[in-house]
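Owing to the predicted nature of the structure, the values given are computational and were not obtained by experimental measurement. In listed order, ligands and their atoms are each counted from 1.
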Amino acid sequence: MERGQTVKAKKYEINLPFDENIDFYRIIFENSNEAFAVLKDDKFIIFNKAFKKLFNLDEGHSFYNKSIFDLLNSSNQNNFNEILSSLKNNHITEINNLKCKRNDGYELELKLNLLPIQIDTIKYLIISFHNLTEKKKLLEQVNKLSRIVNQSSSIIIITDLEGKIEYTNPKFTEVTGYFFEEVHNRKLDSLIFGLITDEECNNLWKQLLSGKDWRGELKNRKKNGEYYWESATISPIKNDEGIITHFLAIKEDITEKKEMEFELKRALDSSEEANRLKSTLLSNMSHELRTPLTGIIGFASLLRDELTNIEHIDIVDKILKSGKRLLITLNSILNLSEIESGTFPINITEFSIPSYTKYFLTNYDKTAAEKSLSFSIEVLDEDICAVGDENLYKQILLHIVDNAIKFTQKGSVKVVVTSSYDSSNQLKAIVKIIDTGIGIAKQDQSKIFREFRQLSEGIRRNFEGSGLGLAVAKKMAKLMNGDITVESELGKGSTFSIILPGIKSTSENKNRKSSKIKIPTQNKTREIKGNNKLYVLSIEDNLLNAELVSLFLKDICEVDSAFNYEQAIEKIKNKKYEAILVDINLGNGPSGIDFAKEIKKYNEYKNTPLIAITGYALLRDEKKLLNEGFDYYLAKPYDKEDLIDIILSIISKK
Ligand code: ADP
C-alpha cells in the first residue's frame with residue numbers, strides 16, 4: 001500500500017519511528033478489536049477506537065496527556081505499583097482482574113498487558129486492555145446455576161442424544177446409591193426412564209425426539225435393588241439452531257407420597273366397605289325398630305278411638321306420646337348417620353317459600369292454642385322462592401316451630417317469611433320463627449347446634465328431646481347451601497332464622513305443588529260406606545301390622561291379607577283388587593319389590609296402584625321404591641290418617 005492511498009492518516013502529536021508503512025500500521029492499530037493505548041511516562045499519547053469504546057469516550061475525546069491513573073480510577077494501589085514498575089524497569093507485565101469504574105459509573109474488570117518499549121532514549125508503554133467484565137458475569141451466572149443444580153433437592157441427569165449419561169447431581173447419588181463415575185457414559189435407560197415397558201420407552205423417546213417434554217411418574221430401582229417412585233420431567237435441550245443436543249431429566253423422589261396414596265386408597269377401600277356395612281346395619285335397624293313401633297302407635301291410636309274412660313284415654317295418650325317421641329329420636333339418629341355417611345339424598349327444586357310455609361304449618365294454630373299461645377304467619381315477601389329440597393325444608397321448619405312451641409309457656413310464636421341480599425349480593429329466602437319463650441343465654445347459643453346437646457342436661461333436664469334435632473336441622477340446611485342462625489335473650493324469647501338460597505318467583509315455581517306432599521284430609525273416612533268400598537290386598541308378614549292395616553281401613557276398604565309373596569300371587573290370581581299395600585321386607589323369600597315387578601306382568605294389574613309400606617325408612621329408600629314401580633310410599637310407623645289419605649286419593653281417581 002502506498003502512503004495516503006486509501007486512508008487519510010491522522011496527525012498524531014508525536015513522530016512515530018516508522019515512515020514507510022506508517023498508514024498501514026495505523027490502520028491496524030486503529031481498527032484492532034483489542035483496546036490499545038500507548039503511554040509516555042504515565043500519560044496517554046495514542047489510543048485506538050476499541051479503547052474509546054471500552055471506556056465510553058466520545059468521538060474526538062482527547063485523552064492525550066492524561067494520566068492512566070486518572071482513567072483507571074482504581075482503588076487497588078498494587079495495580080498502580082505494577083504499572084509504575086513496568087514503566088520504570090522495562091518489563092512486560094500482566095495485570096489480571098483490575099477493577100475500575102468508567103466515567104458513566106459502569107464497573108469494568110480488565111486484564112492489562114503492559115509492553116514497555118524504548119525508542120532512542122524515550123520509554124513508551126504499550127497497553128492492551130481485555131474486557132473481562134461480561135465473561136466474569138457469565139462465569140458467575142454459570143457458577144450460580146451449577147451450584148443450584150448441585151444443591152438441588154431434585155435428581156438432575158443430563159444425557160447425550162443417545163441417552164448416555166453426561167451428568168448427574170449429588171441428589172441422584174443420594175437417592176439411587178450410584179456415584180456419577182459408575183454411570184458416566186453408560187446408556188442406562190432404566191436409570192432415567194424407570195421400569196417401563198419397551199413400548200412405553202419407545203413412545204417416550206418418540207416424544208422427546210419430536211422436541212416435546214415428557215412428564216410422568218416412574219417406578220425405578222436403586223443400586224441396592226430397592227424400589228422407589230419418582231415424578232419426572234424429561235426435556236430435550238436445543239442449541240441456538242434449534243437442534244436437540246442433549247436431554248435433561250429432572251426427577252423428584254415421591255416414594256413417601258406414593259406410599260401415602262396407596263395407604264389412603266387402602267383406607268378408602270376399607271372405609272367404603274365399613275360404610276356399606278354401616279348402611280346395611282342402619283337399614284336393618286330402621287326396619288327392626290319401626291315394625292314394632294308401627295304396632296305400638298297404631299294399636300294405641302285404635303284403642304284411643306274406642307275408649308271412653310278419661311283415665312284410660314290419658315294412659316293411652318302417654319303410650320302414643322312415648323311412641324312418637326321414640327320415632328322422632330329414631331328419625332334424627334338415622335338422618336344424622338345418613339348425612340354423615342354422605343348418602344343423604346337431596347332433590348333441589350325451586351319452591352315458593354310463603355305458600356309452602358303456610359301449607360306445612362296448617363293446624364299449628366291449634367297445637368299452639370292447646371298451650372294458650374297465639375300463632376301467626378306473616379309474609380313480607382310474597383315472591384320469594386327457595387332453591388332447596390322442599391322435604392328437608394319441611395323437616396327443618398317443623399322441628400324449629402315444634403321447639404318454639406315446646407319452649408314457650410306464654411305469649412306467642414310468630415313465623416315471618418322474608419328475603420334479603422347477603423354480603424356477596426346473593427338473594428336469600430329467610431324464615432324467622434320468633435317465640436316469647438324461655439330464651440337461650442349468649443354462651444349457650446352455639447352449643448344447641450351440637451349433637452346431643454340440651455341446655456338443661458343430666459338430672460336437671462326439664463324438657464324432653466334427644467338434643468339432636470337442631471344439629472340435624474343445621475346439617476340439612478347446610479346440605480342445601482343454607483344455614484340456621486339464632487338470636488335469643490334468656491327469659492325473653494328466641495328468633496331462629498332458616499336461611500336458604502333464594503330466587504324471585506316466576507309463574508312456574510310459584511304455583512308448583514310437589515307431588516310428594518300429601519294433602520291433609522280430616523274425618524273423611526266415615527263418608528264412604530257399603531258398595532263404594534275399595535278392594536284392597538295387604539301383603540304384610542307381621543301379623544300385628546297386618547291386623548292393624550285391616551283395622552285402620554275397615555270403614556273404607558274390604559281388606560284381604562297375604563302373609564308372604566306366594567300367598568299374594570295366589571290371591572291376585574283369584575280376585576281383582578283395586579289397590580295393593582305391599583310390605584317391602586317379607587321375611588325369607590321374594591321381597592315386596594319382587595312382587596311389584598311380578599304383578600306388572602298381569603294385564604289386569606298393569607295400572608293398579610301399589611303402596612309401599614316399609615320400615616326401611618331411610619330417606620333414600622323412598623326414591624328407590626318410587627322408581628321400582630310403586631305409586632305411593634309410607635314409612636313405618638305411619639299415621640292412620642296418612643294411609644287413609646292415600647286410599648281416598650285412589651278412590652277419587654276411580
Ligand atoms: P331437642 O330435640 O332435645 O329439643 P334440639 O336440638 O332441637 O333438641 O334443641 C337443643 C336445645 O336447644 C334444646 O334442648 C333447648 O335447650 C334449646 N332450644 C331449642 N329451641 C329453643 C327455643 N325455641 N327456645 C329455647 N331454647 C331452645
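For residues 379-404, every residue pair satisfying the ring pair (Phe, Tyr, Trp, His ring centres under 6.0 Å) rule, not counting sequence neighbours, is listed here: Phe351-Tyr393.
Within ligand 1, the atoms closer than 4.0 Å to a non-hydrogen atom of Lys406 are 4 (O), numbered from 1 in the order shown. Applying the 4.0 Å criterion to heavy atoms of Ile438 picks out, from ligand 1, the atoms 25 (C). Residue contact check: His399 has heavy atoms under 4.0 Å from atoms 2 (O), 5 (P), 7 (O) of ligand 1.
Closest to atom 6 (O) of ligand 1 by heavy atom, among Ile440, Leu470, Ile400, is Leu470. Of the candidates Phe407, Phe449, Phe496, Phe407 brings a heavy atom nearest to atom 13 (C) of ligand 1.
Between the side chains of Tyr565 and Asp594, no donor N or O sits under 3.5 Å from an acceptor N or O.
Of the charged side-chain nitrogens involved, none lies within less than 4.0 Å of a carboxylate oxygen, so that Glu628 and Lys600 do not count as a salt-bridged pair.
Scanning for side-chain hydrogen bond (donor to acceptor under 3.5 Å, both in side chains) contacts around Thr495 gives an empty result, with sequence neighbours left out.
Put simply, the side chain of Ser497 does not reach to within 4.5 Å of the side chain of Ile484, judged on heavy atoms.
A cation-pi contact, defined as under 6.0 Å to the ring centre and within 45° of the axis, is absent between Lys576 and Tyr602.
Contacts between Thr408 and ligand 1, counted as non-hydrogen atom pairs separated by less than 4.0 Å, are absent for every part of the residue.
The shell of residues lying under 4.0 angstrom from ligand 1, judged by heavy atoms, excludes Gly437.
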